[in-house]
Structure formats: C-alpha cells, structure tokens
Amino acid sequence: MTVRRSPPPLDLLRHWLARQVDPAAMDWLNAQMAALAEGRGDLALSIALAPRRLGRNDLELDGADRAAASAARSGWMPAEWSVDSAARVMLVLCTGLDGPLLSRRLMELCATADTRELIALYGGLPLYPSPALHVVQAREGLRSSMRAVFEAVAHGSPYPAEQFDEHTWNQMVLKAVFVGSALHPIQGFDRRRNADLARTLLDYVQERWAAGRAVTPELWRAVGPFADEPAITVLLRPLAGPDEFERQAAALALYQCGRAAAHAALETVPGLAADIRSGRLSWETFSLRRRG
C-alpha cells in the first residue's frame, strides 16, 4: 500500500496563498523566495514589504487545510495567521538556513522587527529547523510587553511544550496569568503541569485574595494534580463561591487530585461531581463555555 505523505509546511503555505492573493502578488513572492534560496535578495526587506505586496487579510483555511497543517507538522495551527504572516514565514523557510546561522538571523530580524513582523516570526517557531537553538529568542518573545507578541509564542504552538525547560515553561504560564492571557490555547498544558508551578500559583492566589482581587479560574487546572491538604483548603473557597466558572474550575481541580479530602470536598457539590464523571464537564468544555 502506498502511504500518501502530507506536503511540507512551505508547500502548504504556498498553495494557500496562491489561491487567495492576486497573481501579481504571488509572482512577487515567488521571485523573492527564489532569490533568497539562491543566496541573493534581502530577507529583512522582503519581510518588510510583504504586507504592502500581499495585503493583511486573514489566511482563509477550511477544515481540510487545518488537517493538512496538523499532518505536516503535529500541533501546527495556522488558523489565526494572516496572509502577510504566512508570507514572512515562507521567506524565512526558503532561505535554507539551518543551525546557528538561522538562529543568528532570527535574532537579527527580531531586533528590528515591528509588532506584526514579530508575531509572524514567532508564529513560525514550530516550522524552523534546529528548534532547540531558537529557545533564547523565544524567551525574548515571552518577555515582550506586547500581549500579541507573547501569545505568538505561547498560544496555538507545539514549540513551548517541546522545547522549554520547566523553569521557562513555568514563567510562561505565570506571565499568561499575570497579563490576563488565556491558558487553554497553550498546547501541552496538562502534560507540562508540575508541582513547582502549582505552588507558585497558590502563592499568587493568596496574594491576590489578600489584596481583594480575583484570579482567573483557569489557573486551577495547573494546581489540581498537585494539591496537598492546604491547597485543598484553598480550593474550598471558589468551590463554595457564587461564580459558576470558579466553582466548576475548583471542582475539576479537586477531581484531578488523588487525596481523599479532595474527593470528600467534591461530594459537597454533587451536581458538579456528576457532570465531571459523566464527561459533561471537563477542562475542554469549561474552556469552550468561557469562550462562549
């Protein structure tokens, strides 16, 4: 039986753009890519000109396109990309640079990039060769004061879960909580949960509550599997509170804790416990409801 291979990301991006932008714009992009592939051309200038030549419309993808993206690169989710972002990533990929050369070039590009360019360059992290060499630059994206740039690294990308060590991962999650960025678009979140992150988030919760401030209920997703007796006591507050999302999140966290005290607390809200056991309430459905 012949195994049908998915086209590589560069070919997919080229196909998607060719059906959406006008032929003259595509001719320009192909000429830039050919020059860069041959060692000619100016990558930074081509990246800067991309929106002027191709526009800034959203990249139009259907279900089959999204499936092809996932088959070409597990976890790749370009559904939120724009036309110019796609073109910019294509320009980087066609250079053929690898290893330290590509890492250094990305650093140079990011040092002078505007916001949209940074979003594109960081969005391409899952596709670049030598992924481990780009972690330092990815950390710079996480430090950005611009939330959209931070989310270009953190959201909808397999790169952080695959490449970040525990400290960097935890710092990313903590910053998401601090700036009010959603946690559910972070890929590999459940797999990368850890006890140190849970402890740090509990300290953060206590500080926020002491100041009379609320916390995002999503953070309990990182705490549940590592909740000790003091943490269970903390979870009783949102579990008994008036906010339905907080109650649901606390219940889900308690359900994921293996301690008897957690299960006893969960039984004080039998309706939520039943919803969790039946699958009607999960972290996935919780996130969908919050977005809705």
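Using a 4.0 Å cut-off between charged side-chain N and carboxylate O, Glu267 and Arg277 make a salt bridge.
Gln20 places a side-chain heavy atom less than 4.5 Å from the side chain of Leu59. Using a 4.5 Å heavy-atom threshold, the side chains of His184 and Phe286 count as separate. Contact of the Leu118 side chain with the Cys110 side chain is registered, since non-hydrogen atoms from C-beta on lie closer than 4.5 Å. Looking at heavy atoms from C-beta onward, Val205 lies out of side-chain contact with Arg208 at the 4.5 angstrom threshold. Side chains of Ser144 and Glu140 form no contact here, defined as non-hydrogen atoms less than 4.5 Å apart. For the pair Ile47/Val92, a side-chain contact is recorded, criterion being any heavy-atom separation below 4.5 Å from C-beta on. Using a 4.5 Å heavy-atom cutoff, the side chains of Pro160 and Gln187 are not in contact. With contacts defined as side-chain heavy-atom distances shorter than 4.5 Å, the pair Arg193/Pro225 qualifies.
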Subject >> Residue pair Leu281, Tyr255: steps toward the side chain to side chain contact (heavy atoms under 4.5 Å, CB included) verdict >> reply: CA-CA 11 Å; Leu281 176 61; Tyr255 182 76; over 6 Å; no
| said: If you apply the rule side chain to side chain contact (heavy atoms under 4.5 Å, CB included), what do you find for Asp84 with Arg88, and how did you get there? | reply: CA-CA 6 Å; Asp84 55 309; Arg88 284 163 165 163; 3.2 Å; yes
Asp22 and Arg53: CA distance, side-chain angles, deciding distance, salt bridge (charged side-chain N to carboxylate O under 4.0 Å, His left out) verdict: CA-CA 10 Å; Asp22 65 69; Arg53 294 286 188 163; over 6 Å; no
_Pair Leu91-Met33, side chain to side chain contact (heavy atoms under 4.5 Å, CB included): steps then yes or no_ = CA-CA 6 Å; Leu91 289 164; Met33 292 173 61; 4.0 Å; yes
*Is there a ring pair (Phe, Tyr, Trp, His ring centres under 6.0 Å) between Tyr204 and Phe178 once you walk through the steps?*
CA-CA 9 Å; Tyr204 167 78; Phe178 293 158; 5.2 Å; yes
As a quick check of understanding, evaluate side chain to side chain donor-acceptor pair (under 3.5 Å) for Thr168 and Arg139, giving each step before the final call.
CA-CA 8 Å; Thr168 304; Arg139 290 195 193 109; 3.1 Å; yes
Q) Please walk me through it: do Glu166 and Arg191 pass salt bridge (charged side-chain N to carboxylate O under 4.0 Å, His left out)? A) CA-CA 11 Å; Glu166 186 171 285; Arg191 176 168 58 84; over 6 Å; no
With side chain to side chain contact (heavy atoms under 4.5 Å, CB included) as the test, would you mind laying out the steps for Glu60 and Val83 before giving the verdict? CA-CA 8 Å; Glu60 298 174 359; Val83 165; over 6 Å; no
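A chain of hydrophobic side-chain contacts below 4.5 Å, direct or via other Ile, Leu, Val, Met, Phe, Trp or Tyr residues, connects Leu174 to Val153. The hydrophobic cluster containing Met146 also contains Val177, counting ILVMFWY residues as joined when their side-chain heavy atoms lie under 4.5 angstrom apart, directly or transitively. Placement of Leu236 and Leu266 within a single hydrophobic cluster is found when ILVMFWY residues are connected by side-chain heavy-atom separations under 4.5 Å, directly or transitively. Under the 4.5 Å side-chain heavy-atom criterion for grouping Ile, Leu, Val, Met, Phe, Trp and Tyr, Leu201 is connected to Phe189 within one hydrophobic cluster. Residues Leu13 and Leu17 are members of one and the same hydrophobic cluster, defined by side-chain heavy-atom contacts under 4.5 angstrom among Ile, Leu, Val, Met, Phe, Trp and Tyr.
In the model, Asp98 has a side-chain atom that pairs as donor or acceptor with a side-chain atom of Ser130 under 3.5 Å. Asp203 and Thr200 share no donor-acceptor pair across their side chains, judged by distance under 3.5 Å alone. Side-chain contact check for Gln256 and Trp283: at least one donor-acceptor pair (N or O, by modelled atom type) lies under 3.5 Å. Ser85 and Arg116 are not linked by any side-chain donor-acceptor pair at a separation below 3.5 angstrom, with hydrogens and angles left out of the test. Between the side chains of Asn170 and Arg192, no donor-acceptor pair of N or O atoms lies under 3.5 Å. With no hydrogens or angles considered, a side-chain donor-acceptor pair links Gln137 and Tyr122 at under 3.5 Å.
Using a distance-only test at 3.5 Å, with no hydrogens or angles considered, a donor-acceptor pair links the side chain of Arg147 to the main chain of Gly180. Between the side chain of Asp65 and the backbone N or O of Asp62 there is at least one donor-acceptor pair closer than 3.5 Å. Using a distance-only test at 3.5 Å, with no hydrogens or angles considered, a donor-acceptor pair links the side chain of Ser278 to the main chain of Asp275. Within the 3.5 Å criterion, the main-chain N or O of Leu183 finds a donor-acceptor partner in the side chain of Glu218. Looking at Arg66, its side chain does come within 3.5 Å of a backbone N or O of Leu61 through a donor-acceptor pair. Although no hydrogens or angles enter the test, the distance criterion places a donor-acceptor pair under 3.5 Å between the side chain of Thr268 and the main chain of Ala265. Here the side chain of Arg73 pairs a donor or acceptor atom with the backbone of Pro126 at under 3.5 angstrom. A donor-acceptor pair under 3.5 Å links the side-chain atoms of Thr285 to the main chain of Ser282, judged by distance alone. Using modelled atom types, no side-chain atom of Ser82 and backbone atom of Asp58 make a donor-acceptor pair closer than 3.5 Å. The backbone N or O of Leu142 lies less than 3.5 Å from no partner atom in the side chain of Gln171, so there is not a single donor-acceptor pair.
Surrounding CZ of Arg280 are more than 12 heavy atoms belonging to other residues, nucleotides or ligands, all under 6.0 Å away.
Ser287 approaches Arg221 most closely through the heavy-atom pair OG-NH1, 4.2 Å. Taking both residues in full, the closest heavy atoms of Tyr159 and Phe164 are given as CE2-CE2, 3.9 Å, listed atom of the first, atom of the second, then distance. When all heavy atoms are compared, the tightest approach of Ala138 to Leu125 is CB-CD1, 3.9 Å. For Leu97 against Pro129, the heavy-atom pair with the smallest separation is O-CG, 3.9 Å. Contact record, Leu121 with Tyr128: O-OH, 2.9 Å, taken as the closest heavy-atom pair. Residues Val215 and Trp209 share a closest heavy-atom pair of CG2-NE1, 4.1 Å.
Summarising the geometry, atom OG1 belonging to Thr216 is positioned 10.5 Å from atom CZ belonging to Phe245; distances are rounded to the nearest 0.5 Å. Summarising the geometry, atom CH2 belonging to Trp16 is positioned 11.0 Å from atom CG belonging to Asp11; distances are rounded to the nearest 0.5 Å. Atom CG in Asp228 sits 5.5 Å away from atom CZ in Arg259 (nearest 0.5 Å). To the nearest 0.5 Å, atom CD of residue Glu162 and atom CH2 of residue Trp169 are 10.5 Å apart. Interatomic distance, Glu151 CD to Met172 CE, rounded to the nearest 0.5 Å: 11.5 Å. In this structure, Leu43 CG and Leu109 CG are separated by 5.0 Å, a value rounded to the nearest 0.5 Å.
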